[in-house]
Amino acid sequence: MSIYNYPEYYDIAFGYRDLDLECDFIEKQIAVHSRSDNFSLLDIACGTGSHLIEMGKRGFDVSGFDISPKMIEYAKKKAEQNGIDAYLWVDNMVSFSVERTFGCAINLLTGFNYLLRNEDVEEHLKRVARVLDTGGLYIIEMNHPREFVTNEPSTTNSWVEIKGDVEVEVDWDNERSSVDLLTHIVTTKPIVKVKDKDREFIINMEEKFRIYLYQEILHYIDCSGSFELVNSFGSFRFDKPLDNSKDSWRMILVLRKK
Ligand SMILES: C[S@@+](CC[C@H](N)C(=O)[O-])C[C@H]1O[C@@H](n2cnc3c(N)ncnc32)[C@H](O)[C@@H]1O
């Protein structure tokens, strides 16, 4: 079982995010760093499509894919309800392809951390480079690298969100393992409790994700031969650099296609 099979509850659980702030961030990075005048955006591992829909409202030509058919089915409905003409499809970020290019790609809320093996990262970056215009950006939001050392999440790991009659309680880092020293992989067993009017049920998940170090990512970028790092942040607030302070709780990297 996975919350990714319950997109309507996923949207409630992760509804705490400031979508406007995150999309302002994307627009600002494009304005400052992009060398492409193509106002199109590809949302990689797009989930329920919240960001691409908001970027569509801001005038971007938007597309996205996700490995979960349920997430894509829901994202399609949501885009339609919002009057956004988005191209959405089911695909894997390690093997995806699409016959066009984009001015910007995004991969938010730690989707990149689902790339578990070295060869997957290499293949993924190769494929993103193929679908980006020269000078286009790839914006990635990852777990903060300090988690490699602390063996703890850098953010609140359990929370409750309520929308109308629905309450979703999440314990994302239940039974979180230490970072494996050789693979850099962490395992967790997230528990999501849903109360929807008279119906109550529990989604028991098993997750594997990889913690990336900053220098490791720099090396992948270098080896790709296709990207350069143009900025890094510790949150979506523009004044939060990537560092070891408490306010820096994500690793957000802005790559540009050479
Ligand atoms: C934490 S969610 C983030 C979704 C979305 N980016 C957001 O900000 O709400 C991670 C997403 O990654 C997707 N995913 C996991 N592995 C994937 C893969 N190999 N290729 C494409 N999508 C993948 C999951 O189905 C899920 O929708």
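Start at 1 and go down the list; that is how both ligands and their atoms are numbered. Below, each value reflects all heavy atoms present in this structure, side chains not excepted, and no hydrogens, waters or symmetry copies. All residue numbers refer to positions in the sequence shown, counting from 1.
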Handout entry: ligand 1 contact on M71 by region, counting heavy-atom pairs under 4.0 Å
Key = side chain

Practice task
From atom 16 (N) of ligand 1, work out which of Y10, Y4, F65, Y114 has a heavy atom at the shortest distance.
Solution key: Y114

Exercise for the section: Measure the distances from the heavy atoms of S50 to every atom of ligand 1 and state whether one is below 4.0 angstrom. Expected result: no

Problem - Basic-acidic side-chain contact under 4.0 Å: D20, R58 - result: yes

Practice task
State whether the number of non-hydrogen atoms from other residues, nucleotides or ligands found under 6.0 Å of R237 atom CZ is greater than 12.
Solution key: no

Practice task
Would you check if there is a donor-acceptor pair between the side chains of R210 and N118 at a distance under 3.5 Å?
Solution key: yes

Handout entry: Nearest neighbour of atom 13 (C) of ligand 1 from the list L108, L109, D66, on a heavy-atom basis
Key = D66

Handout entry: N or O contact, V94 vs ligand 1, cut-off under 3.5 Å
Key = no

Practice task
Evaluate the side-chain proximity of R17 to L109: yes if any heavy-atom separation is below 4.5 Å, no if none is.
Solution key: yes

Exercise for the section: Run the contact test for I106 against ligand 1 with a 4.0 Å cut-off on heavy atoms, strictly below, and give the result. Expected result: no

Problem - Test item: V186 and E147 side chains (from C-beta on) under 4.5 Å apart, heavy atoms - result: no

Exercise for the section: Identify whether the distance between the nearest side-chain nitrogen and carboxylate oxygen of E228 and K258 falls below 4.0 Å. Expected result: no

Practice task
Would you tell me which option among I67, N107, L116, D120 has the nearest heavy-atom contact to atom 22 (N) of ligand 1?
Solution key: I67

Practice task
For ligand 1, note which part of D91 has a heavy atom under 4.0 Å away: side chain, backbone, both or neither.
Solution key: backbone

Handout entry: Contacting atoms of ligand 1, where contact means under 4.0 angstrom from a heavy atom of S68
Key = 25 (O)

Handout entry: Numbered atoms and elements of ligand 1 in range of N92, under 4.0 angstrom, heavy atoms
Key = 18 (C), 19 (N), 20 (N)

Practice task
Indicate the atoms forming the closest heavy-atom contact of T155 with R250, along with that distance.
Solution key: CG2-NH1, 4.4 Å

Practice task
Taking only heavy atoms of H51 into account, list the atoms of ligand 1 that are under 4.0 Å away from them.
Solution key: 8 (O)

Problem - R17 heavy atom under 4.0 Å from ligand 1 - result: yes

Practice task
Would you indicate whether the side-chain heavy atoms of D133 and F102 approach each other to under 4.5 Å?
Solution key: no

Fill in the blank from the handout: In terms of its nearest heavy atom to atom 5 (C) of ligand 1, the top option of P7, G111, A45 is A45

